[in-house]
Protein chains: 2
Amino acid sequence: MSKNVYFCLMYSFTEENYLKAIYKLQEQSDMAINTNAIATAIQTKAASVTDMVKKLSEKKLLKYEKYKGVELTHLGKRIAIETVRKHRLWETFLHNKLNFSWDEVHDIAEQLEHIQSQELIDKLDEFLGFPSHDPHGDPIPGRNGVIQQNNFILLSELSVGESGIISGVVNHSNLFLQHLEKNQLVLGKKLLVQEISAFDQLVKVQIEDKHLQQLSNEVVRNILVKKLS
Amino acid sequence: MSKNVYFCLMYSFTEENYLKAIYKLQEQSDMAINTNAIATAIQTKAASVTDMVKKLSEKKLLKYEKYKGVELTHLGKRIAIETVRKHRLWETFLHNKLNFSWDEVHDIAEQLEHIQSQELIDKLDEFLGFPSHDPHGDPIPGRNGVIQQNNFILLSELSVGESGIISGVVNHSNLFLQHLEKNQLVLGKKLLVQEISAFDQLVKVQIEDKHLQQLSNEVVRNILVKKLS
DNA sequence: AAATATTTTTAGACTTGTCTAAAAATGTAT
DNA sequence: ATACATTTTTAGACAAGTCTAAAAATATTT
């Protein structure tokens, strides 16, 4: 008699958060993810990570070898992406429908992403008009788990005379987002690079064919633009 | 030196559920609520209720005397009502914006009602146009915790020749709600009582000045109407 | 008022997820 | 290769919330 294996369809708030964090780390580094990195990302202690990682390993959501770090399985990655999808759809809802500013949406979406209902997400997606990107310009994974890759480049990569449309951010911190909003550097704005100072690298840009602004290195290295040819 | 008392502003998923259940029982019975009733309402065991009730009592959310049942304090009632408000606003969102039918909204709203963000609820309320009633006709408490009382009566209380507008339900079960929907007995429909059978009490009603329908006692005792004079 | 039945509480155990402190493994100097 | 530093794991404890089984209190019957 073979032992039947039952697959779990519901994952806890905490499990989903671990999977999402590991997924994001894996996107950045393509090596096995180590315990401390996860602990830092999730704001917990290494010992707690070890415990959880064992549990997720037993559930076949990731591969874990002692002292060697972890790697998501196909299933684990699928669930992580599903969580990212929910997060970004909720962020879009909060921004587009409830008029939250783009620095306010993250924390609330962190809670909403764990609501369990496939139908809810499908209907929300439809209600929002099947958006391709969230308020920060990050792509929203489809129902099937496919993520459309952006071909955005850093604003810092534009040369003098080139122009682009603000399409995303690298740094997602509230401080940075608020700074951008205050300076009208929001998604969709068209920028033309007029001058890059040889002395201090300050970038002078023209916004929407109107006013000029000087942007610091810190700023231009964290804005993603769609280059206009 | 007096000991400072700190009030907790965040209550757990579970605490909110207990408070809501006790509040609803209190609405029905106006006596002290006993342990078993709570256990039944919340689908748990009496022993668990005793534990939680002690905890809520320490937090000043209810008054508890051993073997005497519980009664919500002003604060406890306030939080219960806030939870009801969230629940009914989310139900309205699901029904009005995402096109969920009225029997599908409850379970999802049970999860959504525990999302922590006052601003979210305020903005949701505004987005929905400050609705006064949820999809089942139940009143939505205001920001201030005030619940507007309905003066609806049971359909069974209408006499022959009288008419009313369907405005709510007593029984909230999915089975009943689906039955009503299937027979087009939805909120807002105008009914005229044409005949009440002396033999089996079946009520013949005319719906929206058009087709006729025979309604069982079970049905007319669970529909609330706004009587038209 | 005694006997029985019901309700409620206590006591102790379990689960999920967390933590600290110590031990073990791995990595990096010299 | 030995010594030191860092990372990771183990062991044991804790908090929230639940459970079962037994004890205590209350309610009901005769």
Output yes when at least one side-chain N/O atom of [X] is less than 4.0 Å from OP1 or OP2 of [N], else no.
{"X": "A:Tyr11", "N": "C:dT16", "answer": "no"}
{"X": "B:Lys54", "N": "C:dT10", "answer": "yes"}
{"X": "B:Lys45", "N": "D:dT20", "answer": "yes"}
{"X": "A:Thr35", "N": "D:dT9", "answer": "yes"}
{"X": "B:Thr14", "N": "D:dA16", "answer": "no"}
{"X": "A:Tyr64", "N": "D:dT8", "answer": "no"}
{"X": "A:Lys68", "N": "D:dT7", "answer": "no"}
{"X": "B:Asn36", "N": "C:dT6", "answer": "no"}
{"X": "A:Thr44", "N": "C:dT18", "answer": "no"}

So what does B:Thr50 touch, heavy atoms closer than 4.0 Å: a base, only the sugar-phosphate, or nothing? base

Would you classify B:Phe13 as touching base, sugar-phosphate or nothing, given that sugar-phosphate means primed atoms plus P, OP1 and OP2, and contacts are heavy atoms under 4.0 Å? nothing

More than 12 non-hydrogen atoms from neighbouring residues, nucleotides or ligands closer than 6.0 Å to NZ on B:Lys97, yes or no? yes

Just how far, in rounded Å, is [atom2] of [N] from [atom1] of [X]?
{"X": "A:Gln43", "N": "C:dT18", "atom1": "CD", "atom2": "P", "result": "12 Å"}
{"X": "A:Glu65", "N": "C:dT26", "atom1": "CD", "atom2": "P", "result": "11 Å"}
{"X": "A:Asp51", "N": "D:dT8", "atom1": "CG", "atom2": "C1'", "result": "12 Å"}
{"X": "A:Ile38", "N": "D:dT8", "atom1": "CD1", "atom2": "C1'", "result": "12 Å"}
{"X": "A:Glu58", "N": "C:dT16", "atom1": "CD", "atom2": "C1'", "result": "14 Å"}
{"X": "A:Glu16", "N": "C:dT16", "atom1": "CD", "atom2": "P", "result": "16 Å"}
{"X": "A:Asn34", "N": "C:dG27", "atom1": "CG", "atom2": "C1'", "result": "13 Å"}
{"X": "B:Tyr67", "N": "C:dT9", "atom1": "OH", "atom2": "C1'", "result": "4 Å"}

Taking 4.0 angstrom as the limit, do [X] and [Y] come out as a salt bridge?
{"X": "A:Lys20", "Y": "A:Glu113", "result": "yes"}
{"X": "A:Lys54", "Y": "A:Glu58", "result": "no"}
{"X": "B:Asp122", "Y": "B:Arg143", "result": "yes"}

Contacts of type salt bridge (charged side-chain N to carboxylate O under 4.0 Å, His left out), residue A:Glu15, not counting sequence neighbours: A:Lys55, A:Lys59

Closest to the 5' end of DNA chain C, once A:Lys66 and A:Met52 are matched to their nearest nucleotides, is A:Met52

